[in-house]
Amino acid sequence: MQYWLMKSEPDTFGIDDLKACPDGTEHWDGVRNYQARNMMRDQMKKGDRVLFYHSACKVPGVAGIAKVVKEAYPDHTAQNPDSKYYDPKATQDNPRWFMVDVKYERKLKRLIPLSELKSNPALEGMQLLKKGNRLSIMPVDDAHWQAILAME
DNA sequence: GCCAACGTTGGC
DNA sequence: GCCAACGTTGGC
């Protein structure tokens, strides 16, 4: 079992939006970065748990927990010319982009702001906190997972 | 294969 | 809205 962190912009799709989905489950479409895609496609397994992170908003931080309920399959939005995630290079034979399904588990008791994560010595070295980090999906160490939940 | 130009992410 | 960091594109 692996822990992950996945970023989403709450103005577009936040933890409450996931919660509101049928069965609390939604496909994680729109990943258009190769590193993130590879991790999602090759390493994310059913049952893995995910920190749902709110990015590009007033108070960025960890908002809740979700879990992977379906492993990677082609991201069909890449083949839809009307989608903002359309990629003309994606085809049926070579879908190029993938997604997983995640299911809402719970919101944290409070949103844990990035500023607090940064000042927690237990989280030193965490990928999220590294300068210039722009990956929307990244693995989280067991110890870091525990340390974050201890901040609730 | 190099690298400049450009686009995007995301914190502040 | 600014800007640093990074990824991608495309000319050469």
Among C/dT9, C/dA5, C/dT8, which nucleotide has an atom closest to any side-chain atom of A/K89? C/dT9

In whole angstroms, the gap separating C1' of C/dG7 from CH2 of A/W97 amounts to 10 Å

Categorize A/K58 for me: base, sugar-phosphate, or nothing, with a 4.0 angstrom heavy-atom threshold over every strand shown. nothing

For A/K130 and B/dG10, give me the distance from atom NZ to atom P, rounded to whole Å. 17 Å

Would you sort out whether A/W97 and A/Y34 count as a ring-ring contact (aromatic ring centres under 6.0 Å, His included), showing the intermediate values? CA-CA 8 Å; A/W97 302 112; A/Y34 289 106; 4.8 Å; yes

Just how far, in rounded Å, is P of B/dG11 from CG of A/L117? 11 Å

Look at all strands and tell whether A/Q35 reaches a base, only sugar-phosphate, or nothing, counting heavy atoms closer than 4.0 Å. sugar-phosphate

Linking I/L/V/M/F/W/Y whenever their side-chain heavy atoms sit closer than 4.5 Å, directly or via other members, would A/M99 and A/M44 fall into one cluster? no

For A/K19, is there an ion pair with A/E105 - N to carboxylate O distance below 4.0 angstrom? no

Among C/dT8, B/dC12, C/dA5, which nucleotide sits nearest the side chain of A/K118? B/dC12

To the nearest angstrom, the CG-C1' distance between A/L135 and C/dA5 comes to 12 Å

Would you say A/K7 places a side-chain N or O within less than 4.0 Å of OP1 or OP2 belonging to B/dG10? yes

Which nucleotide, C/dG7, C/dT9, B/dC12, lies nearest any side-chain atom of A/R96? C/dT9

Atom OH of A/Y34 to atom P of C/dC6: distance rounded to whole Å? 20 Å

Is the terminal nitrogen or CZ of A/K70 (NZ for Lys, CZ for Arg) located under 6.0 angstrom from the six-membered ring centre of A/Y73 and within 45° of that ring's axis? yes

Give the rounded distance in Å between these two atoms: CZ of A/R134 and P of C/dA5. 12 Å

Taking OP1 and OP2 of B/dG11, is either one under 4.0 Å from a side-chain nitrogen or oxygen of A/Y53? yes

Rounded off to whole Å, could you give me the CG-to-P distance for the A/L111 and B/dG11 pair? 12 Å

Main-chain N/O of A/G14 paired with A/D17 side-chain donor or acceptor, under 3.5 Å: yes

Between C/dA5 (C1') and A/L129 (CG): distance, integer Å: 16 Å

